There are 2 protein chains.
Amino acid sequence: MNVVTSHRPDRSPARRRLLDTATRLFYAEGIHAVGIDRIIAGACVAKATFYSHFPSKDDLVRAYIEEQDWLGRTAIAELGQLPPRERLLAIFDRIGEAAHQPGYRGCPFLNATAEYPDPTNPVRQAIDDHRRWFRELLRGLLAANGHSDPVRTADILIVLWDGLLISGHVDDSTELSVLTRDAVTRMLSIGR
Amino acid sequence: MNVVTSHRPDRSPARRRLLDTATRLFYAEGIHAVGIDRIIAGACVAKATFYSHFPSKDDLVRAYIEEQDWLGRTAIAELGQLPPRERLLAIFDRIGEAAHQPGYRGCPFLNATAEYPDPTNPVRQAIDDHRRWFRELLRGLLAANGHSDPVRTADILIVLWDGLLISGHVDDSTELSVLTRDAVTRMLSIGR
DNA sequence: GTTGATATAGACAGACCTGTCTGATAATGT
DNA sequence: ACATTATCAGACAGGTCTGTCTATATCAAC
């Protein structure tokens, strides 16, 4: 969910700059709206170098999505040791933090989904992988919290997650953190 | 939310066919991914005729969004007389019906938002209008139902609405109707 | 019959798209 | 010293995009 591009080691500096520039532009303007020429110009990389690192634009898009997945998993892992309920709340608190950053434009995975209709496309597969991981994460935390129906409640929490990320983008987001706490605690209060 | 294109009178048959074809293609494949040439071919309309009805492609996109708005309002109006709570549930039941239609690809408004980053764009303005109408509708129904906090609860219901439309598209949607009923009744059970 | 509105097919311009290729330059390891 | 690897700038091909334009055809009203 975070779209920070920074500080991840990579095979080469040029590749790192390409992925950073692509991340910034894809997220800010949409994938189809950004051409290769602008990415290589922003990354100060020659076109031939780009195509030596990424066989096609779609490979770059897939790398972008996979890195967002990696960043999301890393951010959760870096939350530190917390009891299940507090961990759940801390995960959802990240929504408010992200939405108040300048340039916030919703969830990169959902935005990409809107531009990739074919569910068998590798980009969509990478997005599905990310969502499967997140769903399992929530199920585990709800079960560890002694929740009576972790499977169903995890599904609803994901519905809230997606909807809150949208709300922070397209609606007035001044009360998003309060709204998030309210919605999640309402949901957790049911079923123990 | 419904993407049915049908049966709305229009100024001219050619314009009607253009809007129907554009609706079908924009929704199925995304807006940037569909060119004018394909729309006029699908509508059996000459290019000059297209540009006499729509000064630019963006005007066609705005007409597409405004018609989806009109269809949504019409569908709600056609629900007939129902008590507030049943009306709310009936509105949300439409999600399951829509998501099980072949070719369902999520919410046309949110998909368009992902492709239009500039919030001052007329397309985005039309989407904002639609969302404002829907928010007011939910607030009124919650207030009429004697709910203790209709403003906040309407915000959460919109979060659920957006999230459920996404879930029906990108996740397994076999239990979407049950999930919707569960999430909405859970939410309505709090605050009277 | 004549006029005016609306439609047709399709060429065209200018921009942008992805992806390939050439040929030169710099850094690195042995 | 030499080979390898990565990089550079940029031309180029072939396609698609939006939007304009020409020239013709249909049809209704008067």
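Predicted model, so just to flag it, every value in this text is computed and none were measured. First the proteins, then the strands, lettered A, B, ... as listed; each starts at 1.
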Which residues satisfy the salt bridge (Lys or Arg N to Asp or Glu O under 4.0 Å) test with [X], sequence neighbours excluded?
X      : answer
A:D129 : A:R132
B:E136 : B:R139
A:E29  : A:R38
B:R135 : A:D171, B:D155

Can you tell me how far [atom2] of [N] sits from [atom1] of [X], to the nearest Å?
X     : N      : atom1 : atom2 : result
B:L18 : C:dT8  : CG    : C1'   : 13 Å
A:R15 : D:dC8  : CZ    : P     : 15 Å
B:F50 : C:dA9  : CZ    : C1'   : 17 Å
A:D37 : C:dT18 : CG    : C1'   : 9 Å
B:R17 : C:dT6  : CZ    : C1'   : 12 Å
A:I40 : C:dG19 : CD1   : P     : 13 Å

Problem - Residue pairs involving residues 70-83 of chain B (criterion salt bridge (Lys or Arg N to Asp or Glu O under 4.0 Å); sequence neighbours excluded) - result: B:D69-B:R73

Problem - salt bridge (Lys or Arg N to Asp or Glu O under 4.0 Å) contacts touching residues 45-64 of chain A (sequence neighbours left out) - result: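 Sorted result for residues 45-64 of chain A: A:D37-A:K47, A:D59-A:R62, A:R62-A:E66.
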
Side chain to side chain contact (heavy atoms under 4.5 Å, CB included) partners of [X], counting only residues at least two apart:
X      : value
A:D182 : A:R186, B:R152, B:I156
A:D172 : A:T174
B:A41  : none

Could you list, one pair per line, each protein nitrogen or oxygen that sits under 3.5 Å from a nitrogen or oxygen of nucleotides 12-15 of chain D, together with the distance?
none

Problem - Heavy-atom donor-acceptor pair, A:S167 side chain to A:L164 backbone, under 3.5 Å - result: no

Handout entry: Side-chain donor/acceptor of B:R124 to backbone N/O of B:Y116, under 3.5 Å
Key =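 At least one qualifying donor-acceptor pair exists.
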
Practice task
Please check the phosphate of C:dT8 (OP1 and OP2 only) for any side-chain N or O of B:T49 closer than 4.0 Å.
Solution key: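 Answer yes for this pair, as a side-chain N or O of B:T49 is under 4.0 Å from OP1 or OP2.
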
Problem - OP1 or OP2 of D:dT7 under 4.0 Å from side-chain N/O of A:S12 - result: yes

Handout entry: Under 4.0 Å protein heavy-atom contact, by nucleotide of nucleotides 22-30 of chain C - B base, S sugar-phosphate only
Key = ---------

Handout entry: Residues within residues 51-62 of chain B bordering DNA chain D, heavy-atom distance below 4.0 Å
Key = B:Y51, B:S56, B:K57

